Trainee: 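Pasting a structure here, questions to come.
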Amino acid sequence: MDYREAYKKWLEDPYFDEKTKEELSGLEGDEKEIEDRFYRSLEFGTGGLRGVIGAGTNRMNIYTVRQATQGLANYIIKSGGQDKGVAISHDSRLFSPEFAREAARVLNANGIKTYLTESLRPTPYLSYAVRSFGCIAGIMITASHNPREYNGYKVYWEDGGQIVPPHDKGILSEVAKVTDFAQVRTMDEDDARCAGLFNVIGTDFDDKYIAEVKAQSIHPDVVAEMAKDFVIAYTPLHGTGNICVRRVLRELGFEKVYVEPEQKIADGTFPTVAYPNPEDPKAWERVLSLAEEVKADIVLATDPDADRLGVYCRDTVNGGYISFTGNMSGMLIAEYILRERRAVGSMPENPALVETIVTTDMAKALAKDYDVKLIEVLTGFKYIGEQIKIFDETGCNNYVFGLEESYGCLAGTYARDKDAIVAVMMLCEVAAFYKKQGMTLWDAMQKLYKKYGYYREGLDTLTCKGIDGAEQIKARMESYRNDTPKELGGLKVKAFRDYKADVRVDMESGEKSSTGLPSSNVLYFELEGNAWCCVRPSGTEPKIKFYYGVKEDSTEKADERLKLIKKDLMGE
């Protein structure tokens, strides 16, 4: 069926509601828009769905959500897990509550119990709920930090982590088999409640989640001592973080927590910010203004589903506030945990620090210094969560901390995905700990640089939208793959890793070996002088991502080297 036939079917088939048909009728004459909405079905990737909200096969709507959920239900039944149930939650985005309920109704119609949060909750809360309720799977309706026109559908498995092999491919295969909406079952919500299939997770479960987060605190005594003098400015960027962040900080004793008044309101239109992403400097304008007003020690922002944390810190030397990357804040928390757990005797045996291959190499130096095993995994926090599962099953290591460069980390194993709530708590504790010593977080970061080296990292993206976008990304990747550069940023390429082909090539000897990680469309260049760069397509957006990192003896030298690598890597 071509896109025109699909468009006509949606206009005429009684299965689709009148509001949907009205939206589509208004597109008549806009051939490009009609083609984009119907030239394909919205792709169910290895993590789930993500796309622009609207009517059409290539959009996020109740029909594509139902279709994906029927495929998930079929996989659950094939796996024999239908009696365990599925936990479901959602963020503040447009239609998130509706999509969550539609997913529940499809699962219920297939005889699968659901446990739906009574209102919006953070993504890590859902991860925790999956294991707490003994579910076979979980669904989180969120598009994370994407622009307001997006929504998404993330799938978790019974360990509380995002789906990884073999479940990701298995679910994808079952979703692909649901080619007609006639294959989709659904059930009236009231009937599902009466049958005991539709269940609601109440606020009492919040107490359990918050208790798990607070249990990760190492020095609550220091927090209590500094609470009156430590000032925090925070924004949830209209998302799910507001209630949980404020509660955990309040219960630990922090008294001066100021929340940006307009952005504390959960609103999927994101009226005060175009791009609700803590990585975007424009997202910080309001909370930084608040920080100046209240003279905050630390400024925090969580993304809409509260799994990522962005940070600014006051610079007492030059005034104003300094932005921290996810690598910087992650290293401050990691070093604090390793040092203080050793100091208080709570470090487990065979401790492990887990990071992705595009996260700062300072983690390697840190792990060596504290005699902790460092494990690198592919990009995506789901692979960090998978390591926790492996540790539990084999007893080979004990998880201490995990982080990725994109503002995500996790202390503790109660959840199996990154958690901005625990990151807020830990970073505020770290900052209070240093303030007691007369230091800011920036001072503490400088101390790490002086001890381990000036590790600095960069990230750039190239967006390729539309029908041809995927081909442009593919061509760019093949160009790097087939014509490996000999030098980047004035540094020799020592080795080249192609994770898709599972091969590492020593550029001097030509010797080949395995990458040691699962197959993935990722290219990695090992450069001389402890520098590196990595290229991969985004798994959720029509983008190709460029990561790079260096180690120098000063911030200035490191930043200059980053510019040179970027210029060569992106062909500027």
Side-chain angles (χ1 to χ4, degrees), residues 36 39-40 43 45-47 50-51 58 146 168-169 172 279 356-361 376-380 383 404-406 456-550 558-572:
D36 188 59
Y39 81 95
R40 67 170 188 173
E43 183 179 0
T46 54
R50 188 171 297 186
N58 190 33
N146 281 61
D168 55 355
K169 300 291 176 62
L172 193 154
E279 296 176 86
T356 68
I357 59 172
V358 296
T359 304
T360 177
D361 276 354
E376 285 190 303
V377 296
L378 290 173
T379 307
Y383 296 111
E404 62 181 4
E405 54 76 35
S406 57
R456 303 281 281 181
E457 297 77 31
L459 167 63
D460 284 279
T461 59
L462 179 65
T463 301
C464 303
K465 290 185 176 181
I467 299 172
D468 298 328
E471 287 301 316
Q472 293 174 25
I473 291 172
K474 181 179 178 182
R476 188 97 178 206
M477 291 296 292
E478 289 306 308
S479 175
Y480 289 121
R481 184 172 274 117
N482 299 326
D483 188 18
T484 307
K486 303 293 188 295
E487 185 178 286
L488 288 166
L491 300 174
K492 288 183 180 179
V493 177
K494 295 174 63 179
F496 169 65
R497 304 179 211 165
D498 183 344
Y499 286 94
K500 187 175 182 180
D502 188 27
V503 63
R504 178 187 181 274
V505 181
D506 186 299
M507 299 299 284
E508 291 186 5
S509 67
E511 181 181 350
K512 295 182 179 181
S513 57
S514 171
T515 62
L517 292 178
S519 177
S520 183
N521 191 16
V522 177
L523 305 176
Y524 192 100
F525 306 89
E526 299 174 28
L527 310 180
E528 62 181 336
N530 291 300
W532 59 272
C533 53
C534 181
V535 185
R536 74 173 185 94
S538 169
T540 57
E541 301 171 86
K543 294 178 178 180
I544 187 167
K545 293 190 171 185
F546 304 87
Y547 307 81
Y548 34 93
V550 300
D559 289 344
E560 185 59 35
R561 182 66 71 183
L562 286 177
K563 291 177 184 177
L564 294 174
I565 293 175
K566 174 185 175 180
K567 182 179 179 181
D568 285 353
L569 192 62
M570 300 188 69
E572 294 182 345

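By convention here, the first residue in the shown sequence is residue 1. Since the model is a prediction, treat every value here as computed from it, not as a measurement.
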Trainee: Considering all heavy atoms of both residues, which atom of G549 and which atom of L562 are nearest to each other, and what is their separation?
Mentor: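 Nearest heavy atoms, G549 then L562: CA-CD2, 4.2 Å.
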
Trainee: Could you pull out the closest heavy-atom pair between R456 and D559, with the gap in Å?
Mentor: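 Residues R456 and D559, closest heavy atoms: NE-OD1, 3.1 Å.
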
Trainee: Do you know which two heavy atoms are closest between L523 and Y480, and how far apart they sit?
Mentor: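 Answer, listing the atom of L523 first, then Y480: CD1-CB, 3.5 Å.
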
Trainee: Does a side-chain heavy-atom distance below 4.5 Å link K566 with Y548?
Mentor: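 The answer is yes, as the side chains (C-beta and beyond) meet within the 4.5 Å cut-off.
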
Trainee: About how many Å separate NZ of K486 and CZ of F525, when rounded to the nearest 0.5 Å?
Mentor: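 Result: 11.0 Å between the selected atoms.
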
Trainee: Which heavy atom in I473 sits nearest to a heavy atom in P537, and how many Å separate them?
Mentor: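 Minimum heavy-atom contact is CG2-CB, 3.8 Å.
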
Trainee: Look up atom OG in S509 and atom NZ in K494, then write down how far apart they are to the nearest 0.5 Å.
Mentor: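 S509 atom OG to K494 atom NZ measures 11.5 Å (nearest 0.5 Å).
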
Trainee: Can you confirm whether N521 sits close enough to R481 that some side-chain heavy atom of one is under 4.5 Å from a side-chain heavy atom of the other?
Mentor: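 They are in contact (side-chain heavy atoms under 4.5 Å apart), so the answer is yes.
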
Trainee: Hey, does E526 have a side-chain heavy atom less than 4.5 Å from the side chain of R504?
Mentor: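 A side-chain contact exists here, since the closest heavy-atom pair is under 4.5 Å.
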
Trainee: Could you check whether any side-chain N or O of S520 sits under 3.5 Å from a backbone N or O of V522, counting only pairs where one atom can act as donor and the other as acceptor?
Mentor: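 No, because the side chain of S520 does not come within donor-acceptor range (under 3.5 Å) of the backbone of V522.
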
Trainee: Report yes if the side chains of V535 and R476 come closer than 4.5 Å at any heavy-atom pair, otherwise no.
Mentor: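 Heavy-atom side-chain distance check fails, nothing below 4.5 Å.
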
Trainee: For side-chain contact (heavy atoms from CB on, under 4.5 Å), just list the numbers for T359 and E404, CA-CA rounded to whole Å, side-chain angles, deciding distance to a tenth of an Å, and then say yes or no.
Mentor: CA-CA 5 Å; T359 304; E404 62 181 4; 4.2 Å; yes

Trainee: Run through V358, L569, T461 and flag the one making a side-chain contact (heavy atoms from CB on, under 4.5 Å) with F546.
Mentor: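 It is L569; the other options fail the test.
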
Trainee: To the nearest 0.5 angstrom, please state how far the CD1 atom of I565 sits from the SG atom of C533.
Mentor: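 One finds 6.0 Å between CD1 of I565 and SG of C533.
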
Trainee: Mind checking the OH-OG spacing from Y499 to S519? Nearest 0.5 Å is all I need.
Mentor: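 The distance works out to 12.0 Å.
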
Trainee: Counting N and O atoms only, with roles assigned by atom type, does the side chain of N58 sit under 3.5 Å from a partner on the main chain of D36, one being a donor and the other an acceptor?
Mentor: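 At least one qualifying donor-acceptor pair exists.
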
Trainee: Would you please say whether a donor-acceptor pair under 3.5 Å links the side chains of T360 and E457?
Mentor: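 Their side chains do contain a donor-acceptor pair, which is all the 3.5 Å distance test asks for.
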
Trainee: Can you check whether K543's main-chain N or O pairs, donor with acceptor, with T463's side chain at less than 3.5 Å?
Mentor: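 Absent.
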
Trainee: Looking at every non-hydrogen atom in both residues, tell me the closest pair between E376 and D361 and how far apart they are.
Mentor: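 The pair with the smallest heavy-atom distance is OE2-OD1, 4.5 Å.
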
Trainee: Quick one: list whatever passes ring-ring contact (aromatic ring centres under 6.0 Å, His included) with Y524, sequence neighbours left out.
Mentor: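 Expected list: W532.
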
Trainee: Any side-chain donor paired with an acceptor under 3.5 Å for S514 and D502?
Mentor: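 D502 and S514 do have a side-chain donor-acceptor pair below 3.5 Å.
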
Trainee: Side chain of E528, backbone of K492: donor and acceptor closer than 3.5 Å?
Mentor: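 Checking the backbone N and O of K492 against the side chain of E528, a donor-acceptor pair under 3.5 Å is found.
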
Trainee: Does Q472 have any side-chain contact (heavy atoms from CB on, under 4.5 Å) partners at least two apart in sequence or in another chain, and if so, which?
Mentor: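 side-chain contact (heavy atoms from CB on, under 4.5 Å) list for Q472, sorted by chain: C464, D468.
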
Trainee: A quick test of your reading: do over 12 heavy atoms of other residues, nucleotides or ligands sit less than 6.0 Å from CD of E43?
Mentor: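 No - once you tally the heavy atoms of other residues, nucleotides and ligands closer than 6.0 Å, there are 12 at most.
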
Trainee: Once you round to the nearest 0.5 Å, how far does CG of L527 lie from CE of M507?
Mentor: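 Rounded to the nearest 0.5 Å, the CG-CE separation comes to 10.5 Å.
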
Trainee: Indicate the atoms forming the closest heavy-atom contact of G489 with D568, along with that distance.
Mentor: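 Between these two residues, the closest heavy atoms are N-OD2, 2.7 Å.
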
Trainee: If I take atom CD from residue E405 and atom CG from residue L459, how far apart are they, to the nearest 0.5 angstrom?
Mentor: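 CG of L459 is found 5.5 Å from CD of E405.
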
Trainee: For the residue pair Y383 and L517, establish whether any side-chain heavy-atom pair is separated by less than 4.5 Å.
Mentor: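 Side chain of Y383 against side chain of L517, heavy atoms only: no contact under 4.5 Å found.
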
Trainee: With a sphere of 6.0 Å drawn around CD of E511, does it hold more than 12 non-hydrogen atoms of other residues, nucleotides or ligands?
Mentor: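 Atom CD in E511 is not crowded, with 12 or fewer foreign heavy atoms closer than 6.0 Å.
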
Trainee: Do K545 and T379 come close enough that some side-chain heavy atom pair is under 4.5 Å?
Mentor: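 Side-chain contact under 4.5 Å: no.
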
